[in-house]
Participant: 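Quick one: structure below, then a few questions.
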2 protein chains.
Amino acid sequence: MFSKACEYGIKATIYIAVKSMRQERVSLKEIAEEVDSPVAFTAKILQSLAKNGIIDSHKGPTGGFQIEESKIDTIKLHDIVHAIDGDKIFSGCGLGLEQCDARQPCPVHDKFVGIRDNLKIMLQNTSLYELATGLEIGLTHLKR
Amino acid sequence: MFSKACEYGIKATIYIAVKSMRQERVSLKEIAEEVDSPVAFTAKILQSLAKNGIIDSHKGPTGGFQIEESKIDTIKLHDIVHAIDGDKIFSGCGLGLEQCDARQPCPVHDKFVGIRDNLKIMLQNTSLYELATGLEIGLTHLKR
DNA sequence: ATTATTTAGGATAAATTTGTCCGAAATAAG
DNA sequence: CTTATTTCGGACAAATTTATCCTAAATAAT
């Protein structure tokens, strides 16, 4: 469903959010450990999240990543996925046709659009705040 | 959403079904042309569809692929996808965790399960017959 | 200023998916 | 039986995704 990059990106962002709610900055190393993801690859993903304005990064000692607290309930799962995978998940024909729309649909067009709309709505409706809170109160987990 | 292999496989199966409803066998070459897919790669996919009992194959002159007519409305999109991609689309955690279920869920578990159930139900409910008929009466198309 | 620490970013490598090539096996027809 | 045609299946190649490595740049602290 999601790419590995996206999986790592989502987990990392949730972890950063939890720490940011406590006014703490976290290092790449800590994130990768807590989220069980390859360090260097995670670095790339965090880079693109930073470029897309989802997270903030700071170099040097005491540096690391954090998220503006006011943003945490504004940011949606959709924004994270979009920052990493672009909109290729949300657009394009289910069978890979170049020309496929309601007028000239592929055989699975309608059914596919239905599923994808569900996905999009879900992603747009779930906030980072909600995900981070669930983790903090021990309702959910990020490792294993 | 689907792998390329799956996209080609679905298109090919629908095309074979249309021809089979007219008691015609089709060659790999014709399928690849009509479905706009790479010939040799399509051959591999058809092989695995044949091994999984979705389609029948015959070697030699006048050979080719076909589908038992009685099967056409029994076969569901789900069967095609499963024959090609296995059940990796239907199982596993949305964030790649090894241990993730209702008791120890990842942060997106519930939402993810919801979407995936939709997908599964859709795939189990749409028959090859329905897809082939739509194509035959010109309601849908497979190229471009 | 110097040093230690941390992210940025480019180059490279490994793994997976996608795609090609070609000889072998089956089989229909002359 | 021979030949032409078609799928089978293994080896190989290209492209993409995943992952690593290393140097540079920034920056906090001494």
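Proteins come first, then strands; the chains are lettered A, B, ... in the order of their sequence lines, and each starts at number 1.
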Participant: Hey, which of these two, A:Leu46 or A:Pro61, hits DNA chain C nearer its 5' end, going by closest nucleotide?
Facilitator: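 In this pair, the answer is A:Pro61.
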Participant: Taking for each residue the nucleotide of DNA chain D with the nearest heavy atom, is it B:Ala43 or A:Lys88 whose nucleotide lies nearer the 5' end?
Facilitator: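 So the residue in question is B:Ala43.
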Participant: Donor-acceptor pair, distance only, cut-off 3.5 Å: does the side chain of B:His58 make one with the backbone of B:Gln66?
Facilitator: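 Side chain of B:His58 to backbone of B:Gln66: no pair is present.
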Participant: Hydrogens and angles aside, do B:Ser127 and B:Asp73 bring a side-chain donor and acceptor to less than 3.5 Å of each other?
Facilitator: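 No.
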Participant: Are B:Lys111 and A:Glu130 close enough, and set up right, to give a salt bridge (charged side-chain N to carboxylate O under 4.0 Å, His left out), and what steps lead you there?
Facilitator: CA-CA 12 Å; B:Lys111 318 227 173 200; A:Glu130 164 186 2; 2.7 Å; yes
Participant: Between atom NE2 in B:His58 and atom P in D:dA4, what is the gap in whole Å?
Facilitator: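 In whole Å, D:dA4 P and B:His58 NE2 are 24 Å from each other.
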Participant: Nearest to the side chain of B:Gln47, heavy atoms from C-beta on, is which of D:dC8, D:dT5, D:dT7?
Facilitator: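 That would be D:dC8.
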Participant: Can you give the first and last nucleotides of DNA chain C, 5' to 3', that have an atom under 4.0 Å from a heavy atom of chain B?
Facilitator: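 The contact span of chain B on DNA chain C goes from C:dT17 to C:dA28.
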Participant: Please tell me if the side chains of B:Met1 and A:Ile115 come closer than 4.5 Å, counting only heavy atoms from C-beta onward.
Facilitator: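 When only atoms from C-beta onward are counted, A:Ile115 and B:Met1 do touch, with a gap below 4.5 Å.
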Participant: Whole angstrom is fine here: how far is it from CG in B:Leu49 over to C1' in D:dG9?
Facilitator: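 Checked: the CG to C1' distance equals 16 Å.
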Participant: Side-chain contact, heavy-atom cut-off 4.5 Å: A:Glu136 with A:Lys19?
Facilitator: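 The answer is no, as the side chains (C-beta and beyond) never meet within the 4.5 Å cut-off.
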Participant: Expressed as a whole number of angstroms, how long is the span from A:Ile84:CD1 to D:dT17:C1'?
Facilitator: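 Computing the A:Ile84:CD1 to D:dT17:C1' distance gives 14 Å.
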Participant: Output a table of nitrogen or oxygen pairs between the protein and nucleotides 18-20 of chain D separated by less than 3.5 Å.
Facilitator:
residue	atom	partner	partner atom	Å
D:dT18	OP1	A:Lys4	N	3.0
D:dA19	OP1	A:Tyr8	OH	3.4
D:dA19	OP2	A:Tyr8	OH	3.1

Participant: Specify the separation, in whole Å, of atom NZ of A:Lys59 and atom P of D:dT27.
Facilitator: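 Roughly 7 Å, once rounded to whole Å.
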Participant: How many angstroms lie between CD1 in A:Ile89 and SG in A:Cys6, if you round to the nearest 0.5 Å?
Facilitator: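 Going from CD1 on A:Ile89 over to SG on A:Cys6, the span is 5.0 Å.
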Participant: If the plane angle is over 60° it's perpendicular, under 30° parallel, otherwise tilted; pick one for A:His82 and A:Phe90.
Facilitator: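 Plane angle under 30°, so parallel.
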Participant: Return yes if some donor-acceptor pair links the side-chain N/O of B:Thr140 with the main-chain N/O of B:Leu135 below 3.5 Å, else return no.
Facilitator: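 Judged by distance alone, yes, a pair lies under 3.5 Å.
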